[in-house]
Amino acid sequence: MLHMSLKFLLRTFGCQMNHADSEKITMLLRQAGASRVVEAADADVVILNTCSVRQKGEDRVFGYLREVRKLSEAQGRRIFTGITGCMTRKTGMAPRHYDAENARKNARTITMLGSPDSIFNHDDPLFARSGDIDFIFRIEETAYLGRILSAITGTDIGADDRYEDYLRLRQSRDDPGSANIIVQTGCDNFCTFCIVPYTRGREISRSMDEIEAEAREAVASGAKQIMLLGQNVNSYGKETRKKRWNPESLTWWASEQKTPFRELLDRLDAIDGLERIRYTSSNPHDMTPDILDAPFDLSGVCESLHFALQSGSDAVLHRMNRKHTYADFRAQVRYLRERDPFFGVTTDIIVGFPGETEAEFAQTVRAFEECEFDFAYIARYSERRGTLAQKQYTDDIPADEKARRWDILNSLLKHTIQKRNALMIGRTEHVLIEKMNDTTASGRTRNFKEVFFEVGADVRIGSLVPVKITAVDGWVLRGERR
Ligand code: SF4
């Protein structure tokens with residue numbers, strides 16, 4: 001085999017977890033000698049890290065695959081395309097890249113392939129949906145990427161078995177001020193609208209020692225903020241304490257024992273030089289008082305929380321197989337805002353879930369009025385292939401009715417955001433710079449408000465600077481540097 005300097009383009013769709021996964025893929029490929037490019041026209045391989053939360057996201061992936069094929073034809077060379085992330089179920093390659101006679105024959109269930117030889121497999125249903133896909137890998141099987149690329153390109157891409165455990169694979173950080181650290185992956189909750197438990201598998205948590213070591217390394221190389229990522233970060237570690245875990249009751253930890261996630265926060269908070277700890281995503285039914293108290297007990301944990309309500313109606317929540325009620329959620333929001341009125345609360349909502357009546361939707365409207373969210377990701381329900389909701393319910397809310405409900409919530413949200421942002425005027429907040437040009441920078445306060453302000457040449461991305469908030473500007477804030 002030849003050794004080749006592979007050029008890859010990596011496009012990421014969806015949530016922060018996918019962005020963190022892309023940082024891991026980038027690190028692996030860079031360590032194998034490959035270089036990252038920003039245009040498909042310059043790439044040997046295009047990898048799409050996908051999201052399956054909405055149909056639109058999947059449509060964009062198939063559209064992009066077609067674009068790459070046309071580009072390949074126009075350039076008279078093959079640009080290979082691969083898929084990973086939440087649309088994928090099984091690692092493998094299109095049969096045109098190997099002798100299908102020798103392919104793995106029995107990889108029918110949704111499990112890891114388990115051995116490098118198993119990459120000769122084409123069971124993932126995506127292969128049948130697009131002839132443009134050359135390879136697929138489950139994100140947990142990123143370790144096989146080098147082998148797959150070597151097989152497809154006929155050159156030695158530098159497969160490295162050290163990376164067998166995906167959670168231990170280090171990331172190539174895009175943001176110098178903030179480090180994404182994946183603490184947990186997979187999900188045991190099986191919300192009826194969601195495909196994640198099938199694509200990412202059951203919950204697995206990393207060891208605290210490993211997470212702490214990675215956080216210390218990130219801080220030593222300049223990170224001021226750590227973002228802990230996972231599908232259910234606040235149930236981190238539960239499989240190690242299964243016998244004592246009771247998600248129905250928030251009491252088991254109350255003796256002397258803290259939840260594993262709170263223990264993790266305590267350990268990270270003790271790291272010198274680490275200014276901010278954030279985490280996402282959390283579930284209301286896994287929330288415990290010790291985690292809710294962390295921002296008030298620990299100086300590093302930020303005063304903001306993202307956790308998904310999904311609907312203000314208990315009947316809809318039941319059909320979604322969510323394990324909380326609206327009253328549970330509201331009690332947690334009230335607790336946080338009573339302790340700190342500026343506490344930032346953001347959430348996810350789905351409108352137009354099957355059977356959602358006008359009265360049920362009105363309960364979500366009431367939830368928006370009562371909880372006064374600082375931001376909400378509002379999605380119109382779209383049926384996802386393979387989910388329980390697709391099997392059990394009819395997608396019976398017309399598209400224009402979903403749009404109407406979305407508009408109502410969006411208008412309410414805009415009003416709430418402006419009201420809550422106005423409370424910030426006159427306060428001086430430390431802002432961690434995320435973006436900047438020659439004159440203007442933007443970043444977040446501890447309670448996750450986005451602030452724009454003028455800067456000189458003495459700051460850079462990753463700097464923490466005091467800013468006096470002077471005005472509300474649409475969805476964001478304006479300020480002056482102190
Ligand atoms: S908690 Fe529900 S929505 Fe979140 S990843 Fe798990 S199944 Fe999906």
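Every number for a ligand or one of its atoms is a count from 1 in the order of the listing. Both backbone and side-chain heavy atoms feed into the values below; hydrogens, waters and symmetry mates do not.
Salt-bridge annotation for Arg384 and Glu58: present, with a side-chain N of the basic residue lying under 4.0 Å from a carboxylate O of the acidic one. The existence of a salt bridge linking Glu356 and Arg405 is confirmed by a sub-4.0 Å separation between a basic side-chain nitrogen and an acidic carboxylate oxygen. Contact check on Glu358 versus Arg404 returns a salt bridge, with a Lys/Arg side-chain nitrogen under 4.0 Å from an Asp/Glu carboxylate oxygen. Using a 4.0 Å cut-off between charged side-chain N and carboxylate O, Asp374 and Arg420 make a salt bridge. Looking at Glu212 and Arg267, a side-chain N of the basic residue comes within less than 4.0 Å of a carboxylate O on the acidic one, giving a salt bridge.
With a 4.0 Å cut-off on non-hydrogen atoms, Phe193 touches ligand 1 through its side chain and not its backbone.
The closest side-chain donor-acceptor pair between Arg339 and Tyr335 falls under 3.5 angstrom. There is a side-chain donor-acceptor pair under 3.5 Å between Thr26 and Arg36.
For ligand 1, the atoms lying closer than 4.0 Å to a non-hydrogen atom of Phe190 are 7 (S). Taking every non-hydrogen atom of Val196 and a distance limit under 4.0 Å, the qualifying atoms of ligand 1 come out as 5 (S). Set against the non-hydrogen atoms of Pro197, the atoms of ligand 1 under 4.0 Å away are 7 (S). For ligand 1, the atoms sitting less than 4.0 Å from at least one non-hydrogen atom of Arg322 are 1 (S), 2 (Fe), numbered in the order shown with element in parentheses. Heavy-atom contacts of Asn232 reach the following atoms of ligand 1: 1 (S) (cutoff under 4.0 Å).
When only non-hydrogen protein atoms are considered, atom 8 (Fe) of ligand 1 lies nearest to Cys194 SG, 2.3 Å. For atom 6 (Fe) of ligand 1, the nearest protein heavy atom (residue, atom name, distance) is Cys187 SG, 2.1 Å.
Selection from Asp188, Ile195, Asn189 by nearest heavy atom to atom 1 (S) of ligand 1 gives Asn189.
Residue contacts with ligand 1: Gln310 is excluded, as none of its non-hydrogen atoms falls under 4.0 Å.
Using a cut-off of 2.8 Å, one finds that Cys191 contributes no N/O/S atom close to atom 6 (Fe) of ligand 1.
Shown here is Arg330, whose CZ atom has more than 12 heavy atoms of other residues, nucleotides or ligands within 6.0 Å.
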